[in-house]
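Notes for the one structure printed next.
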Amino acid sequence: MSDNGIRVRFAPSPTGYLHIGGARTALFNWLFARRHGGRLVLRIEDTDRNRHIGDSLEKIFADLRWLGLEWDEGPEHGGEFGPYAQSERLKMYQQHLDALLESGSAYYALESPEQLAAMREQAKTEKGEFKYQRPDPLPTPEQGRQAREAGEHVTVRFKMPDRDIVVRDAVLGEVCIPRAELEDFVIQKSDGWPTYHFACVVDDELMGITHVLRGQEHLMNTPKHVAIQESLGFRTPVYAHLSIIFNPDGSKMSKRDKEKAAKKGIAPPEIDVHDFRRNGYLPEALSNFISLLGWSPGEDREQMTLEETTALFSLDRVNPSNAKFDRDKLVAFNTDWAARLSPDRLLAALKDFATVANSPLTADDDQTLAYLLRICKGFRTFRDIETKTNFLFIKDEAIEFDPKAVKKALAKNDGAGFGMLERVLGALQSAEDWTATAMEGLVTRFCESEDVKLGAIAQPLRVAVTGTMVSPPIYDTLALLGRDRTINRIKRTLTMRESLTTQ
RNA sequence: GGCCCCAUCGUCUAGAGGCCUAGGACACCGGCUUUUCAUGCCGGCAACGCGGGUUCGAGUCCCGCUGGGGUCACCA
């Protein structure tokens with residue numbers, strides 16, 4: 001794989017965490033670059049200072065890396081096409097803007113935001129559609145500069161050529177946008193900063209970007225970009241507009257869903273990559289899953305490492321229709337990955353989870369974590385492990401009993417379960433060893449002497465020490481808890497028999 | 001609403017005119033395994049939106065309709 005001149009970019013705005021849709025775009029760019037021996041540039045689109053959120057960049061970088069998507073050029077990597085934040089490239093934009101102004105391809109526009117809003121409002125009440133009409137005569141450059149000096153709202157608009165624009169797209173084919181739909185748009189805001197359209201086009205050219213893979217929501221921006229490229233004499237990169245990812249109900253996966261859920265007091269849906277990370281998903285599973293949204297290698301292949309995906313990736317297998325994000329399927333992927341990954345890799349991932357999720361699981365206790373991983377085999381996400389082993393991290397007195405569990409395992413049949421506990425207590429107190437193996441021996445012997453099945457004692461024990469019917473295998477559960485806490489909890493359960501039975 | 005994009009099981013998709021009585025995966029349903037939960041294993045249900053063409057032959061090509069989506073900012 002040699003450098004063949006292919007250059008792609010991922011260009012996030014520092015407005016918060018990395019959105020799952022953005023991650024898919026980043027992934028496709030990364031895959032494309034890797035597949036063809038090209039380079040992935042990370043560029044920061046920060047031309048809107050109002051929307052800038054403090055530590056977004058650190059978060060975005062971290063989550064990209066968590067997914068395994070390292071970039072070749074950009075922040076923290078450097079490169080010969082920098083700087084890689086648009087806020088540091090103002091001079092370059094100005095230079096090209098001047099060229100446009102000079103050649104007459106752009107002009108100063110004097111309408112204030114209020115005036116424009118009023119015009120739109122009026123258009124709405126009348127015919128409907130508002131299209132910016134090029135002033136005639138055009139304000140002269142001199143007028144523009146003077147008005148700007150006087151502190152008025154002055155923008156620079158690009159003169160849209162008087163013809164239809166054809167966009168050639170690698171996944172959509174040729175898309176023709178009629179002239180009537182196009183208008184002279186702002187390329188420089190009144191604060192002197194470039195708009196997205198202008199900065200993006202200048203940067204793509206200056207950074208040698210050959211292929212632009214981005215969301216389909218950008219499709220209607222593309223004629224603008226193509227027009228600027230033509231009038232500046234830039235090459236037009238190959239565009240590939242990716243389909244959009246929705247919630248299963250067809251709504252957008254927006255950060256607002258999280259706020260809404262929070263208000264309702266229900267679990268917030270995962271929207272940002274960080275949400276998935278914090279909820280115990282593996283990056284291997286997430287990247288695998290989103291790679292299959294809008295792309296497929298064919299031949300019924302699904303479970304793939306990033307390396308395997310890279311080898312198979314191609315733009316002509318990218319599929320133009322929108323996709324819905326099915327969390328159930330993601331969970332299934334995660335389950336499979338969890339079962340396949342090496343213990344070492346799993347341990348590292350679990351530690352990341354423990355840290356990021358603020359979990360009771362102690363991120364620095366490798367030995368315990370590795371043990372938990374072993375006894376929780378079959379888990380779907382790390383959250384499952386957390387839930388299942390939560391009994392370990394709370395005080396004996398804090399154990400809360402699930403009424404259903406109590407009824408089923410303890411109270412049923414005149415408190416048969418309580419009886420079991422009373423009888424097994426002595427054996428436990430006098431146990432010589434307190435390992436899982438020892439527990440197994442002890443419980444097996446107890447079953448034989450009582451002539452009961454394992455479940456008859458395992459379930460009461462489980463409920464007594466965890467309060468629930470869900471825990472790791474009972475021997476490991478007891479071993480992990482230790483003698484004192486186990487006995488303590490059984491005694492406490494026995495003491496509470498009355499209140500538990502009547503509740 | 002104008003313009004643009006899209007259209008195979010509930011969902012993600014395979015299918016590039018005959019290999020399709022449409023395949024896989026998830027979900028769902030049923031069964032088995034199991035000390036709980038989960039995992040695992042086996043089986044089942046389930047789709048070419050509609051109407052016209054083209055063709056000996058259409059899920060595959062064309063047109064229309066319908067439906068879904070995107071976009072119409074001094075946001076990106």
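Throughout, a chain's letter reflects where its sequence line sits, starting with A, and its residues are numbered from 1. As the structure is a prediction and not an experimental result, all values here were calculated from the model.
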Mind checking whether His225(A) and His197(A) have ring centres under 6.0 Å apart? yes
Relative to the 5' end of RNA chain B, which residue comes earlier, Lys388(A) or Gln303(A), by the nucleotide with the nearest heavy atom? Gln303(A)
So if I take every side-chain heavy atom of Glu129(A) and compare against G69(B), C74(B), G1(B), which nucleotide ends up nearest? G1(B)
Between His274(A) and Tyr17(A), what is the ring plane arrangement, given parallel below 30°, perpendicular above 60°, and tilted in between? parallel
Are Lys189(A) and A76(B) close enough that a side-chain N or O sits under 4.0 Å from OP1 or OP2? yes
Ranking G24(B), G70(B), U11(B) by distance to the side chain of Glu217(A), first place goes to G70(B)
OP1 or OP2 of A76(B) versus the side-chain N and O atoms of Thr47(A): is any pair under 4.0 Å? yes
Ranking A76(B), C4(B), U11(B) by distance to the side chain of Leu219(A), first place goes to C4(B)
Describe the nucleic acid contact of Ser13(A) in one word from base, sugar-phosphate, nothing, applying a heavy-atom distance below 4.0 Å. sugar-phosphate
Please determine, for the side chain of Arg380(A), which listed nucleotide (C3(B), C74(B), A38(B)) has the closest atom? A38(B)
Checking A14(B), U36(B), G40(B) against the side chain of Ser296(A) (C-beta onward), the nearest is A14(B)
Could you check whether Trp295(A) and Phe28(A) have their ring centres less than 6.0 Å apart? no
Taking for each residue the nucleotide of RNA chain B with the nearest heavy atom, is it Asn322(A) or Leu110(A) whose nucleotide lies nearer the 5' end? Asn322(A)
Tell me which nucleotide among C74(B), A76(B), G70(B) gets nearest to the side chain of His218(A). A76(B)
Think Arg301(A) has a side-chain N or O under 4.0 angstrom from the OP1 or OP2 of G23(B)? no
Should Arg317(A) be listed as having a side-chain N or O under 4.0 Å from OP1 or OP2 of G15(B)? yes
Which nucleotide, G23(B), U11(B), C5(B), lies nearest any side-chain atom of Asp300(A)? G23(B)
Ignoring backbone atoms, establish whether Arg120(A) has a side-chain N or O less than 4.0 Å from OP1 or OP2 of C72(B). no
Out of U35(B), C37(B), A7(B), which nucleotide sits closest to the side chain of Pro320(A)? A7(B)
Against the side chain of Lys252(A), the closest entry in U71(B), U39(B), C74(B) is U71(B)
Report the nucleotide, chosen from C26(B), A76(B), C6(B), that has the shortest atom-to-atom distance to any side-chain atom of Ser321(A). C6(B)
